[in-house]
Each structure stands twice: as C-alpha cells, then as structure tokens.
Amino acid sequence: IGSLFAGHLAQVADVSVLTRREDHAEALNREGLRVTGRSDLHARVTASADPDAIEPFDLGIVATKANGLDSAATALEGRFPDALVMTTLNGLGAEEVVRGHGEWPIVSAVTFMSGTKHSDTEVEYVLDTPTWMGPYEDTPLERVEEVGDLVRQSGLEAEVFPDLRPAQWSKLIFNATVNGVAKRKFASINPTTG
C-alpha cells in the first residue's frame, strides 16, 4: 500500500520513502519505483532507512502492517513537527498508537486498494478502490479534504468523511468475514509416555 501511494503521489509531488532496510532504500534511490497493473508508471523517490535523512514533509503516510506500526511511529517521534500524518491500517486503534509518539494532526484512513509486491522497487496495482479518510481528534475536515484532493490528483481514488468510524468498522467487519481463519495444529507430548 505504501508503494502504491508513493508511486502515484510522486507523479504530483516530491516523495520521500522511509524504509526499514537500507538495501531497500538504496534500490529505490537507484532504480526508482515501478507501478504496474491498473497503473503503468515509474516514479523517482528519495528513500532512506534513517529518519534523520528524510527532508521535512507536509504529509506523512504511515502504511505498515499492524506489527510494524509502533516502530514506524517511533521513527517519526520528535521529528517533522509541521507534518500532517495519515494512518492507513486495517482495523482500529492506529491513530492512538501514532498519537502516543507525537502531536501531529492525524488523518484516519482505511483502504480496500491492494497490490502485489514483486520486488523492493516494483508493485502491481491490483484493486483500485477508494481510500476512505476522515479527521482524527481536532484535525480540521478541510485538511482531510486537501489530502483527498491530492490523492485523487495522483490517480488514486479517495472519499472523505466527517467521521470515519463507520467506514473503519465496515472494513473491520469485511476483513473479519472474508479473510480466512487459519487453523493451527498443536502437538502434545505426554511426559509420562514420551
């Protein structure tokens, strides 16, 4: 999801990418970011695994899996005081995690958009549905509308709501009913019988 946002937004704005791995950042700086599938574009981005090497930005999009959210928010902590931060994770509570690391104005977002990562520098855009977004806490709705406009200018779909909670619950319920539940097999060893 982060690559889809970065590749599209780089068509209308300067984009920096904060990666977890330095070799990923080096590959993006060397090769750029390729988006195939529903879009066909090549984007130049500036990437680093070091948050101190990222230039100040107006909008930061946190697009991680849930288990990477706290470390991503920690990387932003104490930095980029003038930024607006948008969370784009499934489920509930991402905003609270980010808020625990800084006082940025926050945009809540969920997306059904999907992609398939082929490499560190190429993602296939598979499902082109809107990203739903709304204000968190006292972030003005006008700021969220500006983000929605920017996302649409980049070629992606976006819908802005004054209250995102119904959309967040809708996505959570969708994921809970559609995504399969994995079965686990457990082995039990009785110490008395071996």
Next on the checklist: Looking at Asp14, I'd like to know if its CG atom is crowded, meaning that more than 12 non-hydrogen atoms belonging to other residues, nucleotides or ligands lie closer than 6.0 Å.
Outcome noted: no
Next on the checklist: Checking Leu9 against Ile61 for the side chain to side chain contact (heavy atoms under 4.5 Å, CB included) test, could you report, in this order, the C-alpha distance in whole Å, the side-chain angles of both residues, the deciding distance, and whether it holds?
Outcome noted: CA-CA 11 Å; Leu9 288 170; Ile61 299 175; 3.6 Å; yes
Item to check | Residue pair Arg79 / Trp104, side-chain heavy-atom distance below 4.5 Å | outcome: no
Checklist entry - Please walk me through it: do Met86 and Val144 pass side chain to side chain contact (heavy atoms under 4.5 Å, CB included)? => result CA-CA 9 Å; Met86 182 169 86; Val144 183; over 6 Å; no
Checklist entry - How many angstroms lie between CG in Asp163 and OG in Ser108, if you round to the nearest 0.5 Å? => result 9.0 Å
Checklist entry - Can you list the steps and then say if Lys117 with Ser3 is a side chain to side chain contact (heavy atoms under 4.5 Å, CB included)? => result CA-CA 9 Å; Lys117 179 181 173 182; Ser3 293; over 6 Å; no
Next on the checklist: Counting only heavy atoms not in Asp58 (residues, nucleotides, ligands), do more than 12 fall under 6.0 Å from its CG?
Outcome noted: no
Checklist outcome for this item: dist His8:NE2 -> Leu150:CG (nearest 0.5 Å) comes out at 12.5 Å
Checklist entry - Side chains of Val15 and Phe5: closer than 4.5 Å at any heavy-atom pair? => result no
Checklist entry - Are Met133 and Leu127 joined in one hydrophobic group, where the rule is that I, L, V, M, F, W and Y side chains link up if heavy atoms are under 4.5 Å apart? => result no
Next on the checklist: Let me confirm one number: the OG1-CG distance from Thr116 to Leu4, rounded to the nearest 0.5 Å.
Outcome noted: 9.0 Å
Next on the checklist: Going by salt bridge (Lys or Arg N to Asp or Glu O under 4.0 Å), Asp120 matches just one of Arg34, Arg21, Arg20. Which one?
Outcome noted: Arg21
Next on the checklist: Is there a side chain to side chain contact (heavy atoms under 4.5 Å, CB included) between Glu146 and Asp149? Walk through the geometry before answering.
Outcome noted: CA-CA 5 Å; Glu146 291 171 5; Asp149 289 342; 5.5 Å; no
Checklist outcome for this item: The residue among Val85, Asp138, Thr139 that forms side-chain contact (heavy atoms from CB on, under 4.5 Å) with Pro105 is Thr139
Next on the checklist: Counting C-beta onward and ignoring hydrogens, is there a side-chain heavy-atom pair between Ile106 and Glu137 closer than 4.5 Å?
Outcome noted: no
Checklist entry - Do Leu76 and Val62 have side chains that get closer than 4.5 Å, going by heavy atoms? => result yes
Next on the checklist: Can you tell me how the ring of Phe80 sits relative to the ring of Phe57, calling it parallel under 30°, perpendicular over 60° and tilted otherwise?
Outcome noted: tilted
Checklist entry - Is there a side-chain contact between Thr87 and Tyr136, using heavy atoms and a 4.5 Å cut-off? => result no
Checklist entry - How about Thr46 and Glu55: do any of their side-chain heavy atoms sit closer than 4.5 Å? => result no
Checklist entry - What distance do Glu31 atom CD and Arg44 atom CZ have between them, rounded to the nearest 0.5 Å? => result 9.0 Å
